[in-house]
Amino acid sequence: MASDTLTITDNRTGKQYDLPITDDTIRATDLRQIKVRDDDFGLMTYDPAFMNTAACRSTITFIDGDKGILRYRGYPIDQLAEQSSFLEVAYLLVEGELPTAEQLHRWTEDIRYHTYVHTNVIKFLEGFRYDAHPMGMLLGAVGALSTFYPDAKDVHDPANRYIQRIRLMAKLPTIASFCFRHSRGLPYEFPRNDLDYIGNFVNMTFSIGGQHEPNPVLQRALEILLILHADHEQNCSTSAVRAVGSSGVDPFSAVSAGIAALYGPLHGGANEAVLRMLDEIGTKAQIPAFIERVKRGEGRLMGFGHRVYKSYDPRAKLIKRTADEVFAETGLNPKLEVALELERIALEDDYFISRKLYPNVDFYSGLIYQAMGYPTDYFTVLFSLGRLPGWLAQWEEMITDKEQKIARPRQIYVGKDERAFVPIGER
Ligand code: CMC
């Protein structure tokens, strides 16, 4: 018998089955041969929240949650954060290799050429209420882009997919900045194609009357944050992009689904939730009472814990360093003091230690964004800008993977058996 197999005995029938093991994994569909009767559906696995189910084979991002390792296409995240630009990392994720100077030039120029959005986009953004959440605006606007580019439906043409990738990379910062200006009642600032990707975005958000003095430390810090968020393998929003994209829909609609998933407080919305939590705590003196409430199950310590990282989140370490650089530039944020003390107390508390709960990427990112001048409800928009290359890379991988089909999980039906309809007067 081959050693790389799993032998299963079904005690209901006494039958034995040998299932091949590849990459430490068995195929769930191999279990279907395990039946009691010939007309059985066959054995399934039950895995709510996909705790132990691989839905794809991927070459994009490697994470070892126990060791705190994160690599994009094999390159350690700290090397990329320290030495790379966001567009270079985006190219790496989407195309699979670091670009040559010539490839990076073309990628950058293609994106620069597509930064403008159709003026009708402005018209419907103006229809949002003054206090509309920018994530709601962003996901609506990105979904609506599919109506401007019906050619994007041709998802099986590689050249077509390239142009849609470029459009999304180019237009997301423009739309994101328009959402920012909308909530502040400021006129929209159009793209400046003499600036680089980050510089143009910052200019579109903060420029007043065409004037903005760029701060290179803050711009580089923003770039590092975007790099750190650029991909994280099969997280909730990426799985949403893949699942929705598996129906064959255009990438604008699929990415819009990713933005919707990211909006949730347990995912990208956590950085926003951290700031609200720090506001609620208020002062260092209130921290012990807050921790006790969390331990009683009355709320969570936002910015702590992760489904895969169980020793530390390597991004959190890099973000803390970035926070030091930003605060040296902007002055100390009083909330930072509360955050540092909260982290210290939680890391010494057995509740958090025993559950392997450590600060995640969102614990400090919100504080940095706030110091840069972004309002709390805008943080997840910044996360979306960072995550876009990951969504695009994963969508591309899904579309070109011959093994993928439309995503369609199974269920265990536990409802009523067949019963006869009861007329309303007899109920
Ligand atoms: N505060 C207090 N307790 C927690 C926390 C927390 N932040 N996270 C997990 N726990 C407890 C949880 O109550 C459970 O305890 P018990 O075993 O006694 O029932 C145990 O730890 C395991 O939790 P879980 O909910 O089974 O873990 P999960 O892997 O499903 O959740 C998580 C991962 C990130 C959703 C969760 O840790 C959480 O809600 N964290 C706060 C929100 C947050 O910071 N999210 C950002 C994640 S990183 C950025 C991103 O991916 O978007």
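Just follow the structure's listing: the first ligand is 1, and inside any ligand the first atom is 1. Here, residue 1 is the first one in the sequence, and each next residue gets the next number.
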Query raised in the report: For ligand 1, is any non-hydrogen atom under 4.0 Å from Leu266's backbone (N, CA, C, O), its side chain (CB onward), both, or neither?
Result: both

**Report entry** Asn235 side chain vs Glu233 backbone, donor-acceptor pair below 3.5 Å
**Finding:** yes

Requested in this report: Can you pull out the closest protein heavy atom to atom 3 (N) of ligand 1? Residue, atom name and distance to 0.1 Å, please.
Outcome: Tyr351 OH, 3.0 Å

Report task. Give a yes or no on whether the backbone of Ala55 and the side-chain of Gln404 come within a donor-acceptor separation of less than 3.5 Å. Result -> yes

Query raised in the report: Which atoms of ligand 1 have any heavy atom of Gly303 under 4.0 Å away?
Result: 43 (C), 44 (O)

**Report entry** Contact (N/O only, under 3.5 Å) between Leu357 and ligand 1
**Finding:** no

Requested in this report: Tell me, please: is Asn235 in heavy-atom contact with ligand 1, that is, under 4.0 Å?
Outcome: no

Query raised in the report: Counting only heavy atoms on the protein side, is anything nearer than 4.0 Å to atom 27 (O) of ligand 1?
Result: no

**Report entry** Atom indices of ligand 1 within 4.0 angstrom of Ala270 heavy atoms, with elements
**Finding:** 43 (C), 44 (O), 45 (N), 46 (C)

Query raised in the report: Is there a protein heavy atom less than 4.0 Å away from atom 22 (C) of ligand 1?
Result: no

Report task. Specify whether the nearest protein heavy atom to atom 19 (O) of ligand 1 is under 4.0 angstrom away. Result -> no

Query raised in the report: Tell me, which protein residue and heavy-atom name are nearest atom 34 (C) of ligand 1, and how many Å apart are they?
Result: Gly305 O, 3.7 Å

Report summary line: Residue, atom and distance of the protein heavy atom nearest atom 40 (N) of ligand 1 read Phe304 O, 2.9 Å

Report task. Verify the ring-centre separation between Tyr358 and Phe363: is it less than 6.0 angstrom? Result -> no

Query - Option passing ring pair (Phe, Tyr, Trp, His ring centres under 6.0 Å) with His232 (candidates Tyr309, Trp391, Tyr72) - result: Tyr309

Query - Test of proximity, Phe352 against ligand 1: N or O pairs below 3.5 Å - result: no

Query raised in the report: Salt-bridged, Arg106 to Asp110, with N to O below 4.0 Å?
Result: yes

Requested in this report: Examine ligand 1 and decide if any of its atoms is less than 4.0 Å from a heavy atom belonging to Phe383.
Outcome: yes

Query raised in the report: How are the rings of Phe148 and Phe124 set relative to one another: parallel (under 30°), tilted (30 to 60°) or perpendicular (over 60°)?
Result: tilted

Query raised in the report: Side chain, backbone, both or neither: which part of Leu301 has a heavy atom under 4.0 Å from ligand 1?
Result: both

Query - Nearest neighbour in protein (non-hydrogen) for atom 42 (C) of ligand 1 - result: Met302 CE, 3.4 Å

**Report entry** Whether Phe379 and Tyr369 hold their rings parallel, tilted or perpendicular, with breakpoints at 30° and 60°
**Finding:** tilted

Query raised in the report: At what distance is the nearest protein heavy atom to atom 47 (C) of ligand 1, and which residue and atom is it?
Result: Asn360 ND2, 3.6 Å

Query raised in the report: If you measure from atom 35 (C) of ligand 1 to every heavy atom of His306, Arg307, Arg300, His229, which option wins on shortest distance?
Result: Arg300

Requested in this report: Check whether any side-chain heavy atom of Leu125 sits under 4.5 Å from a side-chain heavy atom of Tyr188, and report yes or no.
Outcome: yes

Requested in this report: Run the numbers on Lys335 and Leu367 for side-chain contact (heavy atoms from CB on, under 4.5 Å), then give the verdict.
Outcome: CA-CA 8 Å; Lys335 285 199 195 84; Leu367 285 163; 3.6 Å; yes

Query raised in the report: Is Arg315 close to ligand 1, meaning an N/O of one under 3.5 Å from an N/O of the other?
Result: no

Report task. Look at the rings of Phe190 and Phe178 and say which category their plane angle falls in: under 30° parallel, 30 to 60° tilted, over 60° perpendicular. Result -> perpendicular

Query raised in the report: At what distance is the nearest protein heavy atom to atom 17 (O) of ligand 1, and which residue and atom is it?
Result: Arg355 NE, 3.9 Å

**Report entry** Test salt bridge (charged side-chain N to carboxylate O under 4.0 Å, His left out) applied to Glu348 and Arg344, step by step
**Finding:** CA-CA 7 Å; Glu348 286 174 359; Arg344 190 190 64 74; 3.4 Å; yes

Query raised in the report: Under a 4.5 Å cut-off applied to non-hydrogen side-chain atoms, are Glu343 and Lys320 in contact?
Result: yes

Query - Residue portion contacting ligand 1 (non-hydrogen atoms closer than 4.0 Å) for Val361 - result: side chain

Report summary line: Nearest non-hydrogen protein atom to atom 51 (O) of ligand 1, with distance, is His267 ND1, 3.5 Å

Query raised in the report: Could you state the interatomic distance from CD (Glu95) to CH2 (Trp107), rounded to the nearest 0.5 Å?
Result: 6.0 Å

Query raised in the report: Relative to the ring of Phe383, is the ring of His267 parallel (under 30°), tilted (30 to 60°) or perpendicular (over 60°)?
Result: perpendicular

Query raised in the report: Polar-atom distance check: Pro265 versus ligand 1, any N or O pair below 3.5 Å?
Result: no

Query raised in the report: How far is atom 49 (C) of ligand 1 from its nearest protein heavy atom, and which residue and atom is that?
Result: Asp362 OD2, 3.2 Å

